[in-house]
Structures are given as C-alpha cells and as structure tokens.
Amino acid sequence: MELRFYNSFSRQIEAFAPLEEGRVRMYHCGPTVYKRPHIGNYRAFLFADLLRRLFDLEGYQVTQVMNLTDVGHLVDDADDGEDKLLAEARRAKLDPWKIVEQVSAQFFADLDALGVRPAHHYPKATDHIPEMVRLVELLVDSGHAYRVGDNYYFDVHAFAAYGRLSGNRIAELESGARLEVNEEKRHPADFALWKSDPNHLMKWETALGPHGFPGWHIECSAMSMKYLGDSFDIHTGGEDNVFPHHECEIAQSECATGKPFVRLWMHTKFLQVDGGKMSKSLGNVYTLDDLIERGFSPWDFRFLVLRGHYRTQLNFTWEALRGAAEARRSLLDWRGRLQAAERNGHGQGQAEVRQAGAAFDRALEDDLNTSEAVAAIFQLRNHFMHHGLSQQAAVAAMQLLARADEILGLFEMTADGAAPGLADAEVETLIAERNLARQEKDWARADQLRDQLHAAGIVLEDKFDGVRWHRGE
RNA sequence: GGCGGCAUGGCCAAGUGGUAAGGCAAGGGAUUGCAAAUCCCUCAUCCCCAGUUCGAAUCUGGGUGCCGCCUCCA
C-alpha cells in the first residue's frame, strides 16, 4: 500500500516515507494517570492502535511508545496551584504513587478490553528524571533556556520556528494571555522546563536543584528520544495537545539536538457526547464500565470510533453505539455465512471481491479513511446476501474480512471458524432432531432445540426447502 | 481578542466542483407453527443568506450554532 497521511505540521496530506526503510518509530501522548481515562481519551489511543495494526500488517518493523504521565497536570482553572495527581491523592487520601499504580493498572485493563495491541514501551515520567535533567542542562548550556533561582525556562525567542505547528504567533500569545504573568519569565510565552518547590510532594534532588520537578513538556521529549532516537517518524495525540504541548516539545527537542524532531504529526479530533463536550455537570463523562453496564462490549465502542474518520469530530450517542453494535454483529453473522459458503458457495462474485478489496485499501491509503473502508466491506456483504459467492470467491472474501479484522479489530477474540461449542456434526444432529419435532408439531421441543443452538452461536434459517444454518449471531 | 476545526436523512457517518457511499433505526409487503434470519419496496439535495460557475453539499463573502487551544502551576 502507498500510504498517505495528513501532517498537522505541514497541514497537507503527504506520502508516508519512514526515516528508515521498512521501519516505523512512533510515539503517542498517553494518559495522565491520576484518574481512569474516559471514553474520549480512548479515541486517541484507539487511533494509535489503528496505525500500529496497519503498519504491522504492512510488514513494517514497528516500535511504538506511549508515555504515562505520573507527575501531575492542573485539574482545571478553578484548582489553581495544585496539580491533578496531587489533588486526587489528597481527595482519595492516598499516596500519589499509589494512585499512579491503581490508575495505570486500570488503564492497561481498559486497553486490553478494547483490543489494543500493547505498545513496545510505556515509559513513566518519574523513571526518566536523569534524562530530563540532561535535556534541561543541554538547553541551558546552548543558550536556549535560562535559570531563575532553581526554576528553568525555555526562551521561545531562541527558536525561530516556535509557533509553526499551532499557527500561533508569539506576539499574539502575549496579548491574548488571560492569566497573570509570571514575573520570573523573560517573556510570557516562555515555558517551564524544570521547577522547584520545597513543599512539593513529588520532587527530586538533582544537579538542577534540591527540590525540583519536571515541567510537563520535557518528559515527552526525553522519553521519545530515548526510545526512538533524536529524530523519529510519527508523533500522535489529541487535538488539545497541539498547543502548547507539542509546540513546546518541538522547540526543546530540536534546540537540544540540533536535528529535526518528528516527521509526521497526527492529531485526533475530540469525541463529543450528545453534540457537545463531555462534562461532569451533564453526567456524560463515561468510562468503559458505563458502556458495559448498558450491555455493550468495549469492542462496540471500538467499532464506533474506528469507523469514523479520526480527523473529524465524532458524536457519541447511545443510539450511535447501538448502531455500531448491530453493525458489528451483522459482520460477525456474515463471517459465519461466508464460512458456510466456503464449503457450499454458489454464484460468481470474484470481480466484486477484488473490487471491494481494492476499495478497502484505497480508502485506508488515503489518510485512513476508515469510513469508506468499512463501507466497502458492507457493500461486498450486500452483494453476497443478494447474489451469493462461489466457493473460491467466498474464500477470497474471507481473506478480505480477516484483513479488515486485523486492521480495525472487528471481532472479539472469540474463536474464528474453530468456534468452541458444537462441531458441525453435532449441529446437524440437533437440527435433524428439531425437524422431527417440527414434523410432529412438538413446538415446545422444537423451540427448545432452537434455543440450544442459538445459545451455541448457531443461526437457523427455516426456508421453504429446508433448514440452513451458519455460525454467527 | 488571537489561532485552528466542524455543521450532510430519526441516529451515526463518507463524499470537497458534475448531479448525495455505508451502517443503524423506521414503515409497507413476502416468507414463517410462532419467531429469527432472509428477500422486495419506501425513506435527504447537504445549517441560513448572498455570490462565482454551464453546473456547488463541495469555491467566495456574511450570518448562526458547536468543538479544541491561547503556557501561574501543568
């Protein structure tokens, strides 16, 4: 496939060309582990998984890194002065390290439930204090950063390209600033690399000072470059990360190394709920458990998210989730029908399968247009339902469906083909038994057998000329 | 105030100059012991207004609504 992606930095769709042939190195901004991520957060992580799966299938050697931020962020404007993690620790009357441990475990459980392939590294900020300190020292030595007491700030005027990613201009940032200016900084747009506060709970004694802790942006520069090199291929995050986070990462990384930092920046749009943003006051900040409580599988959510384009806002509604769940079920059903057709298919359809496969690939190549890719699958399904497929075409269609499953993650890890439960012969026996009961108009017995088969994932179709069955839903 | 983005049927969502993909839901009919599944049929002119064009959901201008960001700390 000839992949083309939209680059937030150039604001254009570009042909994908990794730094090193056959190899992809990518970094994803991960969660701040102070509180269980909500479904909106998982949109970004599912997108990262989509990239990962695509590159895996395309035969690239992938190195994927996602950070866990375990030194806090601000809760919101109202909670000034204290970071998210410390606030949560106080609220829950727990040690911050305990919070990190619990939330991280929850996060990994969620990823697993969503069918996300594990990244190769999940570095934590607090495990990389020396790397961050080294970066700060480099920036100070090279004149890109300055020290005030034991605080260290990046001088945005030392990097001419500051603002290129976000489109912000330093002068505008200054005039638009809503909050009071930190008098220590030479310019309001300068950002903290390293701070000091003797009263901080999470602090480190380093060459930078006795009571220091890192600024937010520095961790991603330090960890991405440690695991991926000074220059790497892809960096992703939510749209909220563009500024200031990624803008600052570029500045500090490129000034520290003198090399280009990231080739391709990709950002996912936010997930909205009921047409607006999620908010605690509306009670629509959902976690995976909220979906499960309503009878949905995390995989239904996965499908809802991935069949929408990552650069478009996606509106979450319960009705939409129900629609995604039904659609996924019908694909599962189709897989069962295809398995049957691989043995006793009829019709033609080679051309249609080829066409669908080409459309599927074309859509994905074009900046991951998963909507169109999924539509291609459904079009083939519709053709099959109307006209059937030859055995050979059914085999090819199964291959396409498996390919879609590899990339999008459609089906939960239930067995495919080798489904646990009844063997074909057993199914046939039960069906014969039910037919006998039906002939004798023993409806209770017939329905009981039907229920038994249904429970085993067997779908029966009572046709005028007999009973057909397939595995599915 | 600055920067960026979105607005397509009941719900979700592609399409970005050539006459509206796909999914879900809904209605009518066929079939059925009942049911499910399946089959047939029905279901949008693209937020509003004004332009450009032979032609616009797609371009331009102006509205309206929604979303992200604008660094004390992070």
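Chain letters run A, B, ... following the sequence lines, proteins first and then strands; every chain starts at 1.
Residue A/N382 places at least one side-chain N or O under 4.0 Å from the OP1 or OP2 atom of B/G23. The side chain of A/K277 places an N or O atom within less than 4.0 Å of a non-bridging phosphate oxygen (OP1 or OP2) of B/G68. For the pair A/K195 and B/C73, the criterion of a side-chain N or O lying under 4.0 Å from OP1 or OP2 is met. For A/T312 and B/A14, the shortest distance from a side-chain N or O to OP1 or OP2 is below 4.0 Å. Contact check, A/T32 against B/A74: no side-chain N or O comes under 4.0 Å of OP1 or OP2. Using a 4.0 Å cut-off, no side-chain N or O of A/H217 falls inside it from OP1 or OP2 of B/U71. For A/Y153 and B/A74, the shortest distance from a side-chain N or O to OP1 or OP2 is not below 4.0 Å. Under 4.0 angstrom from either OP1 or OP2 of B/C69 there lies no side-chain N or O belonging to A/H246.
No option in A/Q252, A/H246, A/H245, A/E249 other than A/H245 meets the side-chain hydrogen bond (donor to acceptor under 3.5 Å, both in side chains) test with A/H217.
Of the possible donor and acceptor atoms, one in the side chain of A/K185 sits under 3.5 Å from a partner among the backbone N and O of A/D190. With A/H38 contributing its side chain and A/G40 its backbone, the two residues share a donor-acceptor pair below 3.5 Å. The backbone N or O of A/M266 lies less than 3.5 Å from no partner atom in the side chain of A/N7, so there is not a single donor-acceptor pair. Under the 3.5 Å distance criterion, the side-chain polar atoms of A/R468 are left unmatched by any main-chain donor or acceptor of A/E461.
Counting non-hydrogen atoms under 4.0 angstrom, A/N168 reaches a base of the nucleic acid. Residue A/R468 is classed as having no contact, given no heavy-atom separation below 4.0 Å to the nucleic acid. Residue contacts for A/F213: at a heavy-atom cut-off of 4.0 Å it reaches the sugar-phosphate backbone alone, with no base atom in range. Across all strands, A/A325 comes closer than 4.0 Å to no nucleic acid atom at all (heavy-atom distances). Within the 4.0 angstrom heavy-atom criterion, only backbone atoms of the sugar-phosphate kind lie near A/L314; the bases stay farther away. Base engagement by A/Q313 is indicated by at least one non-hydrogen atom pair under 4.0 Å involving a base atom. Using a 4.0 Å heavy-atom cutoff across all strands shown, A/D197 reaches no nucleic acid atom at all. Contact annotation for A/H309: backbone-only contact, meaning every heavy-atom pair under 4.0 Å involves sugar-phosphate atoms and none involves a base. Within the 4.0 angstrom heavy-atom criterion, base atoms lie near A/R434. Counting non-hydrogen atoms under 4.0 angstrom, A/A327 reaches the backbone sugars and phosphates but no base.
The base of B/A36 is not paired with the side chain of A/R450 by any donor and acceptor separated by under 3.5 Å. You won't find any donor-acceptor pair under 3.5 Å spanning the side chain of A/D442 and the base of B/G33, going by distance alone. Between the side chain of A/D462 and the base of B/A35, at least one donor-acceptor pair of N or O atoms lies under 3.5 Å.
Summarising the geometry, the separation between CG on A/L364 and C1' on B/G22 is reported as 15 Å, rounded to the nearest angstrom. The CD1 atom of A/I13 sits 9 Å away from the P atom of B/G15 (whole-angstrom rounding). Here B/A14 presents its C1' atom at 15 Å from CG of A/L408, a figure rounded to the nearest Å. Going from atom CG of A/N241 over to atom C1' of B/U71 covers 14 Å, rounded to whole Å.
Nearer the 5' end of RNA chain B, as judged by each residue's closest nucleotide, is the contact made by A/A324, out of A/P214 and A/A324. Mapping A/N315 and A/R328 onto RNA chain B via the closest heavy atom, the residue that lands nearer the 5' end is A/N315.
Using C1' as the reference atom, B/G4 and B/U8 are 22 Å apart when rounded to the nearest Å. Spacing of C1' atoms, B/C46 relative to B/U19, comes out at 13 Å, to the nearest Å. When the P atom is compared between B/A56 and B/C48, the two are found 15 Å apart, to the nearest whole Å. Between B/G17 and B/G51, the distance separating the two C1' atoms is 16 Å to the nearest Å. Using atom P as the reference point in both B/C11 and B/C47, the two lie 14 Å apart (nearest Å). A gap of 15 Å separates the C1' atoms of B/A74 and B/C69, to the nearest Å.
Atoms CE and CH2, from A/M385 and A/W334 in turn, are 10.0 Å apart once rounded to the nearest 0.5 Å. Within the model, atoms CZ of A/F213 and NZ of A/K195 stand 6.5 Å from one another, a figure rounded to the nearest 0.5 Å.
If you check B/A14, B/G33, B/C69 against the side chain of A/P244, the one that comes closest is B/C69. Checking B/C12, B/G33, B/U38 against every side-chain atom of A/R381, the shortest atom distance belongs to B/U38. Among B/C39, B/C73, B/G10, the nucleotide with an atom closest to any side-chain atom of A/H386 is B/C39. Of the candidate nucleotides B/C67, B/U71, B/C24, B/C24 has the atom nearest to the side chain of A/S330.
With its ring centre under 5.5 Å from that of the base six-membered ring and a plane angle below 30°, A/W443 counts as stacked on B/G33.
Of the N and O atoms on the side chains of A/E247 and A/S166, at least one donor lies less than 3.5 Å from an acceptor on the other residue.
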